[in-house]
Amino acid sequence: IEPLDFIPKTENQFAVSITHEQYPSPYPLQNRDFLVASTLHFDEKQQRYMLLKKSTTHPKCPPREGTVRALYIGGWILQTVGTKKTRYVY
């Protein structure tokens, strides 16, 4: 995972980190890469963390020949549900 950029939090936007992930694939498949924007948000009302990720573009990392640029959207929610328990939702 290669960090490419960081966009700090503003009044109207959460902080975002942009990373490039590369994964080899066995023959006859082509290698895959992901260019992902991620943000972490703490929801005070629900007392939970939300990590959100989605594919993006960035001038520092154009698609590469011989590699398939894969798309991704997803996230995780982590919430304390007791003194020794955490709820994890993907």
Does [X] share a hydrophobic cluster with [Y], counting links as ILVMFWY side-chain heavy atoms below 4.5 Å and allowing steps through other members?
| X | Y | value |
| --- | --- | --- |
| V89 | I73 | no |
| L4 | V16 | yes |
| L40 | W76 | yes |
| F14 | L51 | no |

Non-hydrogen atoms of [X] and [Y] that approach each other most closely:
| X | Y | answer |
| --- | --- | --- |
| S55 | A70 | OG-O, 3.8 Å |
| V68 | Q30 | CG2-OE1, 3.4 Å |
| Q46 | Q79 | O-NE2, 2.7 Å |

Looking at [X] and [Y], would you say the former's side chain and the latter's main chain have a donor-acceptor pair under 3.5 Å?
| X | Y | result |
| --- | --- | --- |
| Q47 | T80 | no |
| R64 | P62 | no |
| S17 | F6 | no |

Below 4.5 Å, heavy atoms only, C-beta onward: do [X] and [Y] meet side chain to side chain?
| X | Y | value |
| --- | --- | --- |
| L35 | R69 | yes |
| D33 | H20 | yes |
| I7 | I18 | yes |

- Query: So with a 6.0 Å cut-off around OH of Y49, is the heavy-atom count from everything else above 12?
  - Reply: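 Open: at most 12 neighbouring heavy atoms sit under 6.0 Å from OH of Y49.
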- Would you find more than 12 non-hydrogen atoms of other residues, nucleotides or ligands less than 6.0 Å from Y72 atom OH?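 Enclosed.
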- Message: Applying the side-chain contact (heavy atoms from CB on, under 4.5 Å) criterion to M50, which one of D43, T39, L78 satisfies it?
- Response: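 Going through the options one by one, the only one that passes is D43.
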- First locate atom OG1 of T86, then atom CZ of R48, and finally report the distance between them rounded to the nearest 0.5 Å.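 Here the interatomic distance stands at 14.0 Å.
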- Message: Assess whether a salt bridge exists between E21 and K53, defined as any Lys/Arg side-chain N lying under 4.0 Å from an Asp/Glu carboxylate O.
- Response: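 Yes, this pair counts.
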